[in-house]
Trainee: 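Questions regarding the structure given below will be posed in turn.
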Protein chains: 2
Amino acid sequence: MAVTIKDVARVAGVSASTVTRALTMPELVHPETRERVKRVAADLGYHPNRAARGLITGRTGNIGLLVPDLANPFFPSVVKGVQARAHEADYAVFLADTDEDATAEIGLVRKLSKQVDGLLLCSPRMSDDELRTIVGDTPVVLVNRRLARVPSVTPELLDGMRQAISHLTALGHRRVAYVAGPRSSWANRERVRSLRTVAAAAGAELVETGNVTPQFEGGVAAADQVLATGVTAVIAYNDLVALGLLNRFTARGVAVPGEVSVLGFDDIPLSAMVHPALTTVDLPKEQSGRAGVDLLLQLLAEPDRSPAARRELPTQLIVRASTGIAPRRV
Amino acid sequence: MAVTIKDVARVAGVSASTVTRALTMPELVHPETRERVKRVAADLGYHPNRAARGLITGRTGNIGLLVPDLANPFFPSVVKGVQARAHEADYAVFLADTDEDATAEIGLVRKLSKQVDGLLLCSPRMSDDELRTIVGDTPVVLVNRRLARVPSVTPELLDGMRQAISHLTALGHRRVAYVAGPRSSWANRERVRSLRTVAAAAGAELVETGNVTPQFEGGVAAADQVLATGVTAVIAYNDLVALGLLNRFTARGVAVPGEVSVLGFDDIPLSAMVHPALTTVDLPKEQSGRAGVDLLLQLLAEPDRSPAARRELPTQLIVRASTGIAPRRV
DNA sequence: CGAATCTATGAAAACGTTGGCGATCTTCGC
DNA sequence: GCGAAGATCGCCAACGTTTTCATAGATTCG
């Protein structure tokens with residue numbers, strides 16, 4: 001029913017091979033025939049059958065994208081970036097949402113990996129070892145996670161953290177709490193690590209509080225604990241958690257930023273919409289998605305480049321209303 | 001490199017045809033050989049090559065999902081539902097985001113339609129005519145839109161609107177504004193239509209205000225206009241717009257719900273997180289996604305069922321803090 | 001007991017494309 | 001003017017699966 005390469009060949013008066021060549025290796029065919037074939041193909045609306053092509057080339061023209069939770073507005077932004085860049089390169093994107101479940105993640109990877117040329121793992125929750133076994137099987141690029149000898153794109157977290165702490169210390173804060181995200185999150189581990197470094201350098205005391213789910217509810221749950229530590233400022237694992245803190249503080253009548261300043265990570269759209277608007281460290285979301293696709297395509301094109309490409313993208317502190325001068329404590 | 005059907009055949013001591021049959025039409029092969037083949041296949045970790053299968057069956061095992069804007073939290077929920085149900089049925093999901101652009105939408109449909117068995121169009125922005133041409137080419141199920149002779153899943157909007165208006169009139173509101181969404185949105189047209197019906201029946205006066213982009217910014221932009229009309233309550237096209245209204249009202253010092261009540265549609269997670277929490281009509285999001293997949297699979301299984309399946313899913317008013325007793329006007 | 005029907009399986013064609021190989025024709029260097 | 005090299009293109013095998021079609025043996029029936 002659909003128009004095949006043979007139809008084009010017949011109409012153009014050449015063989016099927018010439019059609020293929022005219023379309024995929026144009027320099028190998030005579031300019032005149034090439035143009036004729038191309039015109040016929042266009043007229044007939046010919047598009048190579050991807051299954052047939054995939055069968056012989058071993059390539060599907062698809063890439064897979066795994067994200068932990070599409071309900072966290074951070075990830076739709078990444079997805080948008082991935083989509084945009086992938087479609088430009090004529091790749092289609094399989095999306096899978098793992099619901100923050102490392103086990104489901106592994107299953108989905110196994111399933112998807114058969115149907116794609118490469119995988120983009122965004123903030124994967126599985127362990128390094130599990131990750132390694134996958135990397136052995138399928139071309140993989142990590143977004144928001146780093147692992148030796150695996151291409152990755154990550155934000156310049158250390159710098160972002162430096163901006164955050166500079167901002168808070170400049171406002172007079174000396175004791176700062178950090179509300180940690182999931183233990184399984186590399187991003188969380190990195191935030192803790194860079195925060196310790198930066199806080200020490202700035203002479204600020206750091207109070208680390210429990211690991212929470214990286215959602216609004218996590219922030220709500222951690223809020224009282226944070227207040228009990230008597231800090232004047234709190235940095236949250238991400239914006240959703242920060243919004244949860246904000247919500248609970250407001251409910252308890254704790255003034256933000258009067259009594260406590262709140263600072264998040266990600267800069268999701270929502271953060272600008274609430275009262276008080278959230279001060280946060282903007283992470284490159286769409287850009288990460290795009291860069292991830294670039295790295296993956298590069299990896300597919302030349303699989304045996306020795307040093308794994310690694311891209312770090314800049315971060316930017318966005319100062320809004322949720323941070324202010326530290327209160328005098330008695 | 002990967003294990004093929006021939007490997008299984010060789011190890012099991014049968015022909016390739018028998019392997020196929022044992023796995024896809026089990027009743028056709030002798031129970032004993034069937035079990036042996038299945039065991040060998042499992043041991044070797046055999047998975048049929050989907051490209052090869054697709055080449056001959058004409059089926060890809062993929063479905064495409066188009067959404068207008070992944071940044072609107074309504075859609076990630078739908079996507080999650082689609083994912084979940086599709087994976088259960090062993091289908092993979094191609095996702096595409098059209099950025100609210102009807103033209104891009106058509107292009108993406110054309111591109112995707114070659115690579116999938118069927119398409120799930122969620123809140124498509126293109127015209128009915130454009131939609132029709134697509135429906136002719138590819139199996140399509142509409143989510144959040146209705147069109148004659150095309151399977152669809154939609155929310156019971158009329159009932160939701162009835163709940164909303166009953167709630168407002170019970171609180172004493174007599175003049176209610178509606179902030180309209182995109183003209184290209186079927187959902188918007190339906191909301192207007194059912195709102196007119198319901199408002200007339202309830203004896204409430206309806207003030208319709210300009211079409212805005214279905215985002216936070218749209219609500220912000222419409223807020224002053226709404227206030228100028230002197231209504232005591234406003235229904236927004238969706239929650240994002242409602243949150244924009246809320247934000248601007250707060251900024252202008254207009255008390256919600258003291259001076260004006262605000263009511264949204266969708267019940268996105270965000271709506272429960274803001275102050276005041278938003279009263280809204282919950283639409284079945286994940287459920288719509290799941291039902292859409294069901295309809296699509298059904299359509300693929302028996303393409304020539306005369307009456308197009310149509311599913312309507314219940315809606316539910318969620319009363320929170322943004323609606324209250326109508327103020328006495330002088 | 002012979003023919004007809006079933007059951008269980010294998011051989012081979014087909015799906016639409018790509019790519020290696022070889023054939024033909026032209027061009028070039030000497 | 002002749003062999004070598006280059007350009008252009010067709011033939012055919014291959015990719016991994018499904019699906020007729022055919023076959024051999026087992027079973028049933030009159």
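Residue numbers begin at 1 in each chain, while the letters A, B, ... track the order of the sequences.
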Trainee: Could you state the CG-P distance from B/Leu23 to C/dT9, rounded to the nearest angstrom?
Mentor: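 Taking CG of B/Leu23 and P of C/dT9, I get 13 Å after rounding.
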Trainee: Would you name the heavy atoms of B/Arg146 and B/Thr154 that are closest together and state the gap between them?
Mentor: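 Residues B/Arg146 and B/Thr154, closest heavy atoms: NH1-OG1, 3.5 Å.
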Trainee: Among the candidates D/dT17, C/dT17, C/dG10, find the nucleotide nearest to the side-chain atoms of B/Ser15.
Mentor: C/dG10
Trainee: What does A/Arg21 touch in the nucleic acid at a heavy-atom separation under 4.0 angstrom: a base, only the sugar-phosphate, or nothing?
Mentor: base
Trainee: Counting any heavy atom closer than 4.0 Å, what does A/Ser17 reach on the DNA or RNA strands: base, sugar-phosphate only, or nothing?
Mentor: base
Trainee: Taking 4.0 angstrom as the limit, do A/Arg36 and A/Glu32 come out as a salt bridge?
Mentor: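 Looking at A/Glu32 together with A/Arg36, the answer is no, because their closest N to O distance does not fall below 4.0 Å.
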Trainee: Specify the separation, in whole Å, of atom NE2 of A/His30 and atom P of D/dG10.
Mentor: 13 Å
Trainee: Look at the side-chain N and O atoms of A/Thr18 and state whether any lies under 4.0 Å from the OP1 or OP2 oxygen of D/dT8.
Mentor: no
Trainee: CZ of B/Arg10 versus C1' of D/dG16: gap in Å, rounded?
Mentor: 14 Å
Trainee: Given atom CG of B/Leu28 and atom P of D/dT19, what is their separation to the nearest angstrom?
Mentor: 11 Å
Trainee: Distance check, rounded to the nearest 0.5 Å: A/Arg311 atom CZ versus A/Ser288 atom OG?
Mentor: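 Rounded to the nearest 0.5 Å, the CZ-OG separation comes to 9.0 Å.
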Trainee: Nearest-Å distance, CG (B/Leu55) to P (D/dA14)?
Mentor: 17 Å
Trainee: Map A/Thr20 and B/Ala52 onto DNA chain C by nearest heavy atom, then report which one ends up closer to the 5' terminus.
Mentor: B/Ala52
Trainee: Do other residues, nucleotides or ligands put more than 12 heavy atoms under 6.0 Å from the CZ atom of B/Arg132?
Mentor: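 Above 12, so yes.
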Trainee: Over how many whole Å does the gap from B/Glu35 atom CD to C/dA8 atom P extend?
Mentor: 14 Å
Trainee: From CD of A/Gln115 over to C1' of D/dT17, roughly how many Å is that when rounded to an integer?
Mentor: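 Distance, rounded to whole Å: 15 Å.
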Trainee: Give the rounded distance in Å between these two atoms: NZ of A/Lys6 and P of D/dC12.
Mentor: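 It works out to 12 Å between those atoms.
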Trainee: Check the phosphate of D/dT8 against A/Thr33, side-chain N and O only, distance under 4.0 Å to OP1 or OP2. Yes or no?
Mentor: no
Trainee: Is there a donor-acceptor contact under 3.5 Å from the side chain of A/Glu105 to the main chain of A/Pro124?
Mentor: no
Trainee: In terms of the nearest nucleotide of DNA chain C, which residue is placed more toward the 5' end: B/Pro31 or B/Ile56?
Mentor: B/Pro31
Trainee: Nearest of C/dT17, D/dT19, C/dT18 to any side-chain atom of A/Thr57?
Mentor: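 My answer, after comparing the listed nucleotides, is C/dT18.
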